[in-house]
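Notes to accompany the following structure.
Worth saying up front: this structure is predicted, and the values here are computed from it rather than measured. When a ligand or atom number is given, it counts from 1 through the structure's own listing order.
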Amino acid sequence: MITQKEFSRRRNQLMRMMGKGSIAIIPTATEQIRNRDVEFPFRPDSDFYYLTGLHEPDAIAVLIPKRPHGEYLLFCNERDSEMETWTGRRIGTAGAIEEFNADDAFPISDVDEILPGLMESCERVFYTMGSRPAFDRRVMEWVNRLREGVRTGMRTPDKFVSLEHLLHDMRLYKSRSEIRVMRTAARVACRAHRRAMQACQPGVHEYEIEAELLHEFRRADMVPAYSSIVGGGANGCVLHYTENSAVLNDGDLLLIDAGSEYDCYASDVTRTFPVNGRFSTAQKALYEVVLAAQTAAIKKVRPGNHWNAPHAAAVRVMTRGLVKLGILKGKPADLIKKEAYRSFYMHRTGHWLGMDVHDVGDYKVGGAWRELEPGMVLTVEPGLYIPAGSRGVARKWWNIGIRIEDDVLVTKDEPDVLSEAVPRTVAEIEALMAAG
Ligand code: GLY
Ligand code: MN
Ligand code: MN
């Protein structure tokens, strides 16, 4: 778990970058209604949680560097024994100060009264515009209220600065404790994938396999980081298949893309394996191509290489492999230039991973691919998808969808695969499934 000391260190780092005369306003997520009195499970806003560690809805963090009466303010729900009987404990304003180290705390119901006054002495407002339209309007109302007072000598902030620019760059570099949390999340995801491999057999439904994944997540106090993808046969060729309703057939592959979230940090792992425990010749041939592509891509996850190096490596290996198998025809170099592989490989080889599955952080800096640096975590997830009816492709390849995805930490030398504790090679997978 991330300690309060680390949350405080993050706030101080951000405030140093913001400088005096600034205010940052960071609201958390709001509860979302599922139907009538039922809400979706609450998940805090990642930026808010990154700076506070607070898991309650209806809260706003405010940072004002160098403010003499306190730099870190929290607006939150007041304690209310009747409400707490229904919805559980709230920290209240006293808890915000005592447990969450706010310099001062106010009831969320007073925010319209208090916040404009706090903004008054600031020139710059750091705020993420555009992701919460209702909250954007309130921020504008507060600024307008101050503008109305200009004639009476009040100052108004005259610059809006995007908070993401600073904060998302911080989030891209994972601390030691963040890596520890992410490693724990990945370990549980691996356990879930192993359990799924062992539970799989012809006649079982995709949702039954999903239940095995959930079992491992929940018993480790984790939740899915995203809707688990459990797709047998043709469903493995649907990139975001989440129905998970079909029966698993003998002779088909099963693609599982499932990751757990721990303390708001995600893992993101994919394995593909035969429903009956033995790869067919065609499945094995294609699987080996994807595996070789992933191995080559992971090797590129080193400091100094740029963001696109793993993708370029995966594309090279897969294009050559597809030519060898007769699925693509031509010279690999030409096919790569023409992006001929895109009929079978239509996504990229990875993304940043962190609090969000597709985590924040720029992929390009000054128009060029960003260099990888120690502390960054990314996924490496090549795949090949050949749906039935693919033109010019022999039938034996149809309905084969394969993705292999791991979570990789950039270190100062060798790449560190956080999710390595689940079989990846044909032999390892078949051995585990035979033992199950
Ligand atoms: N699970 C989503 C992804 O792999 O990007
Ligand atoms: Mn991914
Ligand atoms: Mn994934």
Metal site the Mn ion (ligand 3): N/O/S of D257 inside 2.8 Å: yes
Whether F7 and Y49 hold their rings parallel, tilted or perpendicular, with breakpoints at 30° and 60°: perpendicular
Short N or O distance, H358 and ligand 1, threshold 3.5 Å exclusive: yes
Crowding at CZ, R395 (>12 non-hydrogen neighbours, <6.0 Å): no
E405 atom (N/O/S) at minimal separation from the Mn ion (ligand 3): OE1
Angle in degrees, rounded to 10°, that OD2 of D268 and OE2 of E381 form at the Mn ion (ligand 2): 150°
The Mn ion (ligand 2) to nearest N/O/S of H351 below 2.8 Å: yes
R43, CZ atom: more than 12 neighbouring heavy atoms under 6.0 Å: yes
Salt-bridge criterion met for R10 and E178 (N-O under 4.0 Å): yes
Contact atoms of ligand 1, heavy-atom distance to Y226 under 4.0 Å: 1 (N)
Sidechain N-carboxylate O distance under 4.0 Å for R138, E141: no
Protein heavy-atom partner closest to atom 3 (C) of ligand 1 - residue, atom, separation in Å: D268 OD2, 3.3 Å
Atom NZ of K364 with >12 non-hydrogen neighbours under 6.0 angstrom: yes
Enumerated ligand 1 atoms positioned under 4.0 Å from heavy atoms of E405: 4 (O)
